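Data first, discussion second: the structure below is written as structure tokens.
Each chain gets a letter, A, B and so on, in the order its sequence line appears, and its residues count up from 1. Not measured: the values here are computed from a predicted model. Keep in mind that the numbers below use all heavy atoms, side chains included, and drop hydrogens, waters and symmetry copies.
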Amino acid sequence: MPELPEVETIARGLARRIIGRTVERVRIGLPKMAVAPEDLVFAKALVGERIERIGRRGKYVVMELQSGRGLVTSLRMTGRLIVQRDRALAPHPYTHVALDLNDGSRLCFADSRQFGRMRLVGPGERWDAALGTEPLSLDFTPEAFIGMLCGRPTPIKVFLLDQRRIAGIGNIYACEALWEARIRPDRPAKSLGKPAIRRLHPAIVGVLQRAIRLRGTTVDDYVDAEGLRGGFQNKLAVYGRNGKPCKRCGRKVVRTVLAQRGTWWCRGCQK
DNA sequence: CCGCCGCCCTGCTTGC
DNA sequence: TGCAAGCAGGGCGGCG
């Protein structure tokens, strides 16, 4: 599941390959996957656009176009953005939107589960107004984090997954950061004291940075813009490690459910 | 504003 | 071995 480090890796890979290219043709296999403002037709509006910049906001890949419009992609769980050098090749499996570019390459938006969306946004449109702080930005200070948690009864893990507070953390990195900070996932956010918050803050930043360095985590599905798997799955301490020994204290990692999501943690050293 | 729930989908796992 | 049922999960809209 692409979270911040995976989306960052995808965006960097796309930037190397398709910045400066122009969209020559758009093919849409599944119309619901390609959303445009009401007065525009997605495919028509995209043809002729040059891709100027590529970045990331939370878990969204953002491509800035020559007209000032943006092409914003949410990959959800199984979405992929893959560049094929040669569009004579068969499209990547489950491709629902394909952009043919003027150098003969093709950008495939593929998604076996069809949960992802590619959305065209207008110049200056505040499409990300509901998204919270970028955890790798200077805005995300320990003090800001303390302020966010203040008075909140929500379990800390559920809080970390709430994109309106901090943007980009998903299930994998929420579990890993809480393990690193030695905090139980079900503790009410407001119950964390300053020492715990001061452990959790650098744990969040650190795990995201290390995962980016290793080009993300491939548990089953994720690949980057070139179709390559990540490397951070080998570094996971708890996520998906049900029954295996905790790397810190040796006790078996357990799986519980919190807000309908699998949650892996160690009863021995997360308090 | 806040929190909770159901829905969207299909590949994979589980159980008989 | 084969098949069906159940599960997983991010974001969003609806509801209280």
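- Using a 4.5 Å heavy-atom cutoff, the side chains of A:C246 and A:K252 are not in contact.
- Shown here is A:R210, whose CZ atom has more than 12 heavy atoms of other residues, nucleotides or ligands within 6.0 Å.
- Taking a cutoff of 4.0 Å between a charged side-chain nitrogen and a carboxylate oxygen, A:K157 and A:D186 do not qualify as a salt bridge.
- For B:dC12, the paired nucleotide is C:dG6, the pair qualifying as Watson-Crick or G-U wobble because both relevant distances are below 3.5 Å.
- Contact annotation for A:M77: base contact, defined as any heavy-atom pair under 4.0 Å involving a base atom.
- Hydrophobic clustering, with ILVMFWY side chains joined whenever heavy atoms are under 4.5 angstrom apart, keeps A:I166 apart from A:V62.
- Among the protein residues, A:T78 comes within range of no part of the nucleic acid, since none of its heavy atoms lies under 4.0 Å from any strand.
- Comparing A:R152 and A:Q260, the nucleotide of DNA chain B nearest to each residue sits closer to the 5' end for A:R152.
- A:G170 comes within 4.0 angstrom of nothing in the nucleic acid, heavy atoms only.
- Cation-pi geometry between A:R184 and A:W265 is not satisfied (NZ or CZ under 6.0 Å from the ring centre, within 45° of the ring normal).
- With a heavy-atom cut-off of 4.0 Å to chain A, the contacted part of DNA chain B has its first and last nucleotide at B:dC2 to B:dG11.
- The span of DNA chain C lying next to chain A, judged by atoms under 4.0 Å from heavy atoms, is bounded 5' to 3' by C:dA8 to C:dC12.
- A:L131 pairs in a side chain to side chain contact (heavy atoms under 4.5 Å, CB included) with only one of the listed residues (A:K59, A:Q163, A:R164), which is A:Q163.
- Comparing A:I169 and A:V257 by the nucleotide of DNA chain C whose heavy atom lies nearest to each, the residue mapping closer to the 5' end is A:V257.
- Residue pairs that meet the ring-ring contact (aromatic ring centres under 6.0 Å, His included) test with at least one member in residues 100-155 of chain A, sequence neighbours left out, are A:Y60-A:W127, A:F140-A:F145, A:F140-A:H201.
- Within the nucleic acid shown, A:Y60 comes within 4.0 Å of sugar-phosphate atoms alone, with no base atom in reach, counting heavy atoms only.
- Between A:T133 and A:M148, the closest side-chain pair of non-hydrogen atoms falls below 4.5 Å.
- Among the protein residues, A:R119 comes within range of no part of the nucleic acid, since none of its heavy atoms lies under 4.0 Å from any strand.
- Checking side-chain atoms of A:E180 against main-chain N and O of A:A177 turns up no donor-acceptor pair under 3.5 Å.
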